[in-house]
Amino acid sequence: MIAKRPPDRRLRFDPDELASVEAARPFYRRATVAVARDLIGAHLGRRWRGRWYGARIVETEAYLGAGDAAAHSFGGRRTARVEPMYAEGGHLYVYFVYGMHTCANVVTGRAGNAEAVLLRAAEGPPGAPRVLAGPGKLCAALGITVGDSGRDLVGGRELALFRRPRSRRPRIGVSPRIGVDYAGEAAAWPLRFFDLDSAAVSRRSSGR
DNA sequence: GACCAGATGTACT
DNA sequence: GTACATCTGGTCT
């Protein structure tokens with residue numbers, strides 16, 4: 001059993017205060033690119049000891065399954081690690097990389113598609129500057145571990161995603177994905193989305 | 001901006 | 001057994 005990690009205390013938030021709506025299954029079942037775009041500005045919430053902690057997502061990347069050389073499920077690869085990617089949209093796929101970092105993805109589309117959206121960065125309250133700038137830091141700050149891989153975000157008791165209010169539509173930038181140079185032609189696909197006005201979007205990946 | 005080390009799980013031979 | 005990974009933070013130019 002993998003030990004659970006507590007979230008960063010500074011990320012405390014009240015879902016009601018945001019007037020946000022928890023994303024339901026149909027939200028995740030749509031095209032991966034559409035979900036990746038709509039996740040910008042949404043809040044990822046983690047419940048720890050009865051309280052909610054969370055952050056506003058400001059950077060995502062779409063991974064398009066078997067036909068995408070940058071995706072873990074490229075060519076239909078199906079191992080114990082990537083198995084959660086084959087679940088129905090709305091599940092979480094978490095993996096450990098470079099011996100020290102954890103990255104969280106939201107599975108999209110229908111079961112078997114193996115498509116997902118990587119959560120690259122989020123923004124906390126003013127008291128938590130840059131603690132979420134990068135997929136590894138985002139997971140660390142929210143206490144997400146590989147033990148959360150395969151968890152369902154829909155109706156989840158510990159992890160949930162709250163959609164952004166319609167009134168707050170961020171300015172969204174688009175660029176190729178980060179760190180996937182090995183993926184050949186797929187490396188240039190414009191599948192990275194980010195909030196143009198967020199300081200948490202990593203420098204390296206700011207699209208310049 | 002470019003370059004590089006770091007620590008270890010996962011996939012593959 | 002071995003290569004390398006959807007990174008990060010530090011150093012140097």
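Note that this is a predicted model, so its numbers are computed, not measured. So that the names make sense, note that chain A is the first sequence line, chain B the second, and so on, each numbered from 1.
Without hydrogens or angle criteria, A:R10 side chain to A:G124 main chain gives no donor-acceptor distance under 3.5 Å. A donor-acceptor pair under 3.5 Å is absent between the side-chain atoms of A:Y28 and the main chain of A:E88, judged by distance alone.
Rounded to a whole Å, the CZ atom of A:R120 is 8 Å from the C1' atom of C:dC7. In this structure, A:I178 places its CD1 atom 15 Å from P of C:dG9, rounding to the nearest Å. Going from atom CE of A:M100 over to atom P of C:dT8 covers 10 Å, rounded to whole Å. Counting to the nearest Å, the P atom of C:dA3 and the OH atom of A:Y98 are 17 Å from each other. If you measure from atom CG of A:L132 to atom P of C:dT8, you get 11 Å, rounded to the nearest angstrom. A:H101 places its NE2 atom 9 Å from the C1' atom of B:dA7, with the value rounded to the nearest Å.
In this structure, A:Y182 reaches the C:dT6 phosphate: one of its side-chain N or O atoms is under 4.0 Å from OP1 or OP2.
Using cut-offs of 30° and 60° for the angle between ring planes, the A:F13 and A:F162 rings count as perpendicular.
Remark: A:R30 CZ is packed, more than 12 non-hydrogen atoms of other residues, nucleotides or ligands lying under 6.0 Å away.
In this structure, the side chain to side chain donor-acceptor pair (under 3.5 Å) partners of A:R177, at least two apart in sequence or on a different chain, are A:D68. Considering only residues two or more places apart in sequence or on other chains, A:R77 meets the side chain to side chain donor-acceptor pair (under 3.5 Å) condition with none of them.
Residues A:L138 and A:F96 both approach DNA chain C. Their nearest nucleotides, taken by heavy-atom distance, put A:F96 toward the 5′ side.
Scanning atom types as modelled, one donor and one acceptor separated by under 3.5 angstrom connect the side chain of A:Y95 and the base of C:dT6.
Residue A:N105 places its side chain closer to C:dT6 than to any other of C:dG9, C:dT6, B:dG6.
Within the structure, ring-ring contact (aromatic ring centres under 6.0 Å, His included) contacts touching residues 136-160 of chain A (residues at least two apart or in different chains) do not occur. Every pair passing side-chain hydrogen bond (donor to acceptor under 3.5 Å, both in side chains) that includes a residue from residues 97-114 of chain A is listed here, sequence neighbours excluded: A:T32-A:T108.
A:A71 comes within 4.0 angstrom of a nucleotide base, judged by non-hydrogen atoms across all strands.
For residues 74-94 of chain A, proximity to DNA chain B is found at A:R77, A:T79, A:R81, defined as any non-hydrogen atom under 4.0 angstrom from a strand atom.
Residues A:L11 and A:I144 fall within the same hydrophobic cluster, defined by Ile, Leu, Val, Met, Phe, Trp and Tyr side chains chained together at heavy-atom separations under 4.5 Å.
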With Watson-Crick and G-U wobble geometry limited to distances under 3.5 Å, how should the secondary structure of DNA chain B be encoded in dot-bracket form, using | for bases paired to another strand and [ ] for crossing pairs? ||||||.|||||.
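A stacked arrangement is assigned to A:Y63 and the six-membered base ring of C:dT6, with a centre-to-centre distance below 5.5 Å and an interplanar angle below 30°.
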